[in-house]
Amino acid sequence: MKFLLFTFVGVVHLFSLNSGKAIYKNDNSQRTFQEIKEEVARYGDVAKAIINLAVYGKAQNRSYERLALLVDTVGPRPSGSKSLEKAIQIMYQNLQEDGLENVHLEPVKIPHWERGEESAVMLEPRIHKMAILGLGSSIGTPPEGITAEVLVVTSFKELQRRAREARGKIVVYNQPYVNYSKTVQYRVRGAVEAAKVGALASLIRSVASFSVYSPHTGIQEYQDGVPKIPTACITVEDAEMMSRMASRGNRIVIQLKMGAKNYPDADSFNTVAEIIGSKYPEQVVLVSGHLDSWDVGQGAMDDGGGAFISWEALSLIKDLGLRPKRTLRLVLWTAEEQGGIGGFQYYQSHKANISNYSLVMESDEGTFLPSGLQFTGSEKARAIVEEVMTLLQPVNITQVFRAGEGTDINFWIQAGVPDLESAISPKSPISSTRSWSQST
Ligand SMILES: *[C@@H]1O[C@H](CO)[C@@H](O)[C@H](O)[C@H]1NC(C)=O
Ligand SMILES: *[C@@H]1O[C@H](CO)[C@@H](O)[C@H](O)[C@H]1NC(C)=O
Ligand SMILES: *[C@@H]1O[C@H](CO)[C@@H](O)[C@H](O)[C@H]1NC(C)=O
Ligand SMILES: *[C@@H]1O[C@H](CO)[C@@H](O)[C@H](O)[C@H]1NC(C)=O
Ligand SMILES: *[C@@H]1O[C@H](CO)[C@@H](O)[C@H](O)[C@H]1NC(C)=O
Ligand SMILES: [Zn+2]
């Protein structure tokens, strides 16, 4: 059932859901809600056909099998790597062989960072080898590493208060997990804030609600005018242990070695395919996921799953011989993990046509048992989406949540285009790496 969320766009795109921040030309403005509701209801059979093909028919498991093949063949796909470019070329070919229209690549310059060898060893109060993961864009240490005393803080406020103690030390952040968007600030800004008060390096408790001694990587950001210091994530367990040691008055010393390097920007692409609309071909409904991943996983969940269910949406509609009124466009973003680089480039190149974008969607929260869709847009548009979601009653995925967002599509949302993101069961396991959202 993992691909069901996106099969639904085949129906959604029959309506323009724009919020009215811009002037949208469409044929819906004069229609009453009752008329729209009746039109939605007429798509019951189409929705059932899509569900049958995806869940019970020959497309059963297809997106999973397609994804498994790519992941098994290419492996991790970090920004700037040869394997990401190989994955893009494979997808370009896959989409053409799938019979989709207007398959093409749009160039993007993307960051190229490699973590190299890395290690952290606690020397005092006892010898303890720690699991770490360097953060994307971090500089490395000198080859002999950085050996320094540790200052443990639980917040940026505490760091400010104890600024004079931080000079010449390694700052360890043991911030509690509140939610992703709030807690990820420590990963993104931890090095800059530590450098401002004279620290030599920073180690950040992984941004995770639970841990099995597993550090999480992700992007971090330096700031102009602030010295660049090496920065990595540590496990929740080690962060808490160092907090306990510090509160007992123990002196903690760590030797940190990181071989991380930033290389010149690399050439890459957003990958695009379409089913061209029959009645309003210039109007676009965009579905998407990102093809790049971090280097330490397989990128199957983040975001292979999101990318492949987006592709599956077009495949299912094509297989059924359906042609939507508006153009259904698939975009597989590049370099999302570096801060939505591909998404930003796409927005820059296409924003002149924003009034012809009806809806943008991204799946990047993991592909588990779906529970509904997150939506951002006007209340009128929300009412239509809720109506459309009733068509998914046969698979009981009818909920419409608030605050849809996604790193690659936030530029459009901020400009007023309605947005949907797949929502997953809150009981779902947590992926090992999460992307940083530029909206936060
Ligand atoms: C899909 O996967 C399920 C679970 O692995 C399996 O039982 C089923 O036979 C598969 N269906 C097809 C068409 O391969
Ligand atoms: C995260 O937590 C902060 C602080 O409690 C809160 O202000 C914010 O609204 C929360 N964000 C989300 C997405 O829940
Ligand atoms: C913008 O829309 C026009 C008219 O539909 C189309 O010809 C043009 O290719 C579009 N430009 C981009 C960058 O998509
Ligand atoms: C939207 O599409 C229409 C029809 O092709 C075109 O006339 C108009 O210029 C487009 N608007 C923009 C902003 O591209
Ligand atoms: C349908 O979904 C709702 C909301 O997720 C859930 O509470 C309910 O138990 C589900 N019903 C069935 C029959 O699975
Ligand atoms: Zn992601």
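Sequence positions, counted from 1, serve as the residue numbers for this chain. In each ligand, atom 1 is the first atom listed, and ligand 1 is the first ligand listed.
When distances from atom 7 (O) of ligand 5 to the protein are checked, no heavy atom turns up under 4.0 Å.
Under 4.0 Å from ligand 4, heavy atoms of N353 appear from its side chain as well as its backbone.
Defined by atom type and a distance below 3.5 Å, a donor-acceptor pair is missing between the side-chain atoms of S79 and D292. In the model, Q175 has no side-chain atom that pairs as donor or acceptor with a side-chain atom of T183 under 3.5 Å.
For ligand 4, the atoms sitting less than 4.0 Å from at least one non-hydrogen atom of N356 are 1 (C), 2 (O), 3 (C), 8 (C), 10 (C), 11 (N), 12 (C), 14 (O), numbered in the order shown with element in parentheses. Applying the 4.0 Å criterion to heavy atoms of A352 picks out, from ligand 4, the atoms 13 (C).
Residues K196 and E193 are paired through a salt bridge, judged by an N-O separation under 4.0 Å between the basic side chain and the carboxylate. Salt bridge E39/K325: present, at least one basic N to carboxylate O contact under 4.0 Å.
Considering both main-chain and side-chain atoms, N396 comes within under 3.5 Å of ligand 5 through a nitrogen or oxygen pair.
Using cut-offs of 30° and 60° on the angle between ring planes, the pair Y186 and F156 is parallel.
Not close to ligand 4: P281, with no non-hydrogen atom less than 4.0 angstrom away.
Contact annotation: the side chain of N94 never approaches that of R66 to less than 4.5 Å [non-hydrogen atoms, C-beta and beyond].
Using a cut-off of 2.8 Å, one finds that D302 contributes an N/O/S atom close to the Zn ion (ligand 6).
The atom of D364 nearest to the Zn ion (ligand 6) is OD1, with the search restricted to N, O or S atoms.
Heavy atoms only, all atoms of each residue included: A195 and P227 are closest at CB-O, 3.3 Å.
In terms of protein heavy atoms, atom 5 (O) of ligand 5 is closest to Q399 NE2, 3.2 Å.
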